[in-house]
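Below, chain A is the first sequence line, B the second, and so on; all start at residue 1. A quick note: this is a predicted structure, and the numbers were derived from the prediction, not measured.
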Protein chains: 2
Amino acid sequence: MARRVSRRGGNIVTIHDVARHVGVSPMTVSRVINGEKNVREETRAKVLASVEALNYSPNLAARSLATQDSARIGLLYSNPSVAFLSEFLLGILSESSQSGAQLLIESCEGPEGATAALEKMKANGCDGVILSPPLSDSSRVAKILRDMNLPFVGVAMARPDPLVCCVTIDDFKAAFSMTKRLIELGHQRIGFIKGHPNAYASQTRFEGFESAMKKANLAVDPAMVAQGYFTYRSGFDAAERMLSLKDRPTALFCSNDDMAAGAVATAHRLGLEVPDHVTIVGFDDTAMASSVWPELTTVRQPIADMAALSVRLMNDQIRAKRLGRPFEPVREIRDFALIERQSSAPVQSSG
Amino acid sequence: MARRVSRRGGNIVTIHDVARHVGVSPMTVSRVINGEKNVREETRAKVLASVEALNYSPNLAARSLATQDSARIGLLYSNPSVAFLSEFLLGILSESSQSGAQLLIESCEGPEGATAALEKMKANGCDGVILSPPLSDSSRVAKILRDMNLPFVGVAMARPDPLVCCVTIDDFKAAFSMTKRLIELGHQRIGFIKGHPNAYASQTRFEGFESAMKKANLAVDPAMVAQGYFTYRSGFDAAERMLSLKDRPTALFCSNDDMAAGAVATAHRLGLEVPDHVTIVGFDDTAMASSVWPELTTVRQPIADMAALSVRLMNDQIRAKRLGRPFEPVREIRDFALIERQSSAPVQSSG
DNA sequence: GTCTGATATGTTAGCGCTAACAAAACGGTT
DNA sequence: AACCGTTTTGTTAGCGCTAACATATCAGAC
């Protein structure tokens, strides 16, 4: 009896190949791949080794057909520092292409424009939304999403909302650490440029700064605190005011990199060398930080990593919703890192 | 006999629903959907009517599982201006999520690192690769891909290679236009900062500049041409040399935005206002162009659009290859645009 | 009418994976 | 040892679609 011609591609490694290689059933392999818990540690290790050895990678089409979950994840952003966006997208992409999620991307102008964008997403069959800052901090956007009954995950939120699933760093601690580092370098007159007033991160970062100053018994001179708006120009202007003071700061802590870059430009314009005459540090470690010269000392958020994690959380949440299981909001906190580049140095004795 | 619980989602319209509705077999419906020819006109019409009535739309996962064609598109990039990357990714993403393509992303350090990255992609079942600049211009990378028998599409290539499928703008014409515009503004001493010598775009852009100058009977003073490397710092340094000349240029044309931003910083440092004392323009319209102050006049490439198009070309190419049909390389040229912002102005009478 | 070669439709099985169920192995009681 | 609950593994079927094969239908020729 002539066996029907197989439609198999030929060289594609499937879950069955792995199963045979290990000597277990395909189902067990599936369980390992999907990180289910009821698998003996020994078995899991063997399967993972085979996966590695055979260079297996799951067929997403088959998976989403089997699970009936072709998750469509919406991505809503609103004029972030575009360098942030790039890393954010990389993280989202690498993860979502692995999980086979489909992406719907929309941008909007602040929380006001969110309704329209979200409705469009919902109409396109969106199952859940990932919010990038500053939208992730907007209670207004959160309310819209809840009203729409759409699950969501916020990335880089600065305000802990126990009801919202999110991925963040500890902004307070990060600002605290950076300030502490500046103090260790001998700086005492430290200027601070705040971020946009409607982003909670702005407030949190300032509080971290204040707290570190207080702990070192250093006064926070109101003349040394300026309101910024996360833009280059606002950093430029704020720095101009502070660096023109008779008793100017020896260090400037800017709440993001764009403002720090603006501050560096101002310093140069005023004839001040960075870091010889003034130390300037930023926050976020966006592309801006390492494009300008001198490159900026800054706080690094693992943005791509956080974005990738947000996709995983979103998938979990969507699946839970689909299966009618409860899903309790998770707040994942990732580690930040202080990145010391050329824009910071120990304080010089002469101004 | 208790029937096993179905895993059907519930309200999803499938090909079977349509078939039942029309009174034919699912296969016939499939044939109609896929535009096969051996279907009676009358049947086809009935099926199409039902598809319309039931609002059926095919399940992409099921189809690609059945046809064994799930295009996996690789994306290879190498430290581009990261702002470029962001737009690039947005374009890729929006298109690939529509065509159901899977994405594999890898970065590498210059063409040297490409081999490893590409082999990893191939091992992961990649069907074709999209290259962003400067890799798209690398003949070395092109050779590797040809040796691997992997189709590829280059984005924003500056060197026309008739054998390579690509999406570009006309760099020559763009540089020509920008130069012409500067001349119209009254500038005659125009400095040019070249891009990295190993990117073909650098040469092409310079030629466009030269050509426009020649056409206006303006000499290109060798002292007014500097070698840059597409980095902020190189723009900073090159501009310092040129702007310190006794007979300094009234305008600087930088081969990308990062260098233009560096040039602006230098100008400020030298006490020159932009654009009052010197006009500085860039190229690419990356995020950098509108983050710095003053915002840069520049040449805009429709990057997102080009990236989206590259995905479509890739899909076509992969499909052609799979069906064993020939595919002749396409060279798609998109329009650029001159974006005039605050860093350029008519020449001032007094330096 | 019946045979022929086309054309139109139906049937079957399987793409790779996982939900649901079933069975086996294990650990601790009595 | 028999019993129980838990944890780990296996079995079966099916997600929606289409390739390959099988059959039915039809037009024209003898």
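- The phosphate of D:dT7 (OP1 or OP2) has no side-chain N or O of A:Arg40 nearer than 4.0 angstrom.
- Computed from coordinates, the B:Glu36 CD to D:dA20 C1' distance equals 12 Å when rounded to whole Å.
- When the side-chain nitrogen and oxygen atoms of B:Ser30 are compared with OP1 and OP2 of D:dT18, one or more of them lie within a distance under 4.0 Å.
- Protein atom CD1 of A:Ile33 is 13 Å distant from nucleotide atom P of C:dA19, rounded to whole Å.
- When the options B:Leu75, B:Val167, B:Ile73 are evaluated for a side-chain contact (heavy atoms from CB on, under 4.5 Å) with B:Val311, the one that passes is B:Ile73.
- Between B:Ile15 and B:Tyr56, the shortest heavy-atom distance links the atoms N-CE1, 3.5 Å.
- Phosphate contact (OP1/OP2 of C:dA19, side-chain N/O of A:Thr67, threshold under 4.0 Å): absent.
- Note: NE2 (B:His16) to C1' (D:dG14) measures 11 Å, nearest angstrom.
- Salt bridge present: A:Glu332 and A:Arg334 bring a charged side-chain N and a carboxylate O closer than 4.0 Å.
- Atom CG in B:Leu65 sits about 9 Å away from atom C1' in C:dG14, given to the nearest Å.
- C:dA8 atom C1' lies 11 Å from atom CZ of B:Arg44, rounded to whole Å.
- Rounding to whole angstrom units, CZ of residue A:Arg31 and P of D:dT8 are separated by 10 Å.
- A straight line from CG of A:Asn38 to C1' of C:dA22 spans 15 Å, rounded to a whole angstrom.
- Atoms CD1 (B:Ile15) and C1' (C:dT9) sit 14 Å apart, rounded to a whole Å.
- With DNA chain C read from its 5' end, the first of the two nearest nucleotides for B:Met27 and B:Ala62 is the one closest to B:Met27.
- Residue order along DNA chain D, read from the 5' end via each residue's closest nucleotide, puts A:Glu41 first among B:Asn59 and A:Glu41.
- A salt bridge is absent between A:Asp316 and A:Arg312: the closest approach of a Lys/Arg side-chain nitrogen to an acidic carboxylate oxygen does not fall below 4.0 angstrom.
- The phosphate of C:dG16 has neither OP1 nor OP2 within less than 4.0 Å of any side-chain N or O from A:Arg63.
- In this structure, B:Arg44 pairs ionically with B:Glu41, as a charged nitrogen and a carboxylate oxygen lie closer than 4.0 Å.
- B:Ser25 has no side-chain polar atom (N or O) that falls below the 4.0 Å cut-off from OP1 or OP2 of C:dT9.
- Looking at which nucleotide of DNA chain C each of B:Thr43 and A:Ser57 is closest to, the 5′-most match is held by B:Thr43.
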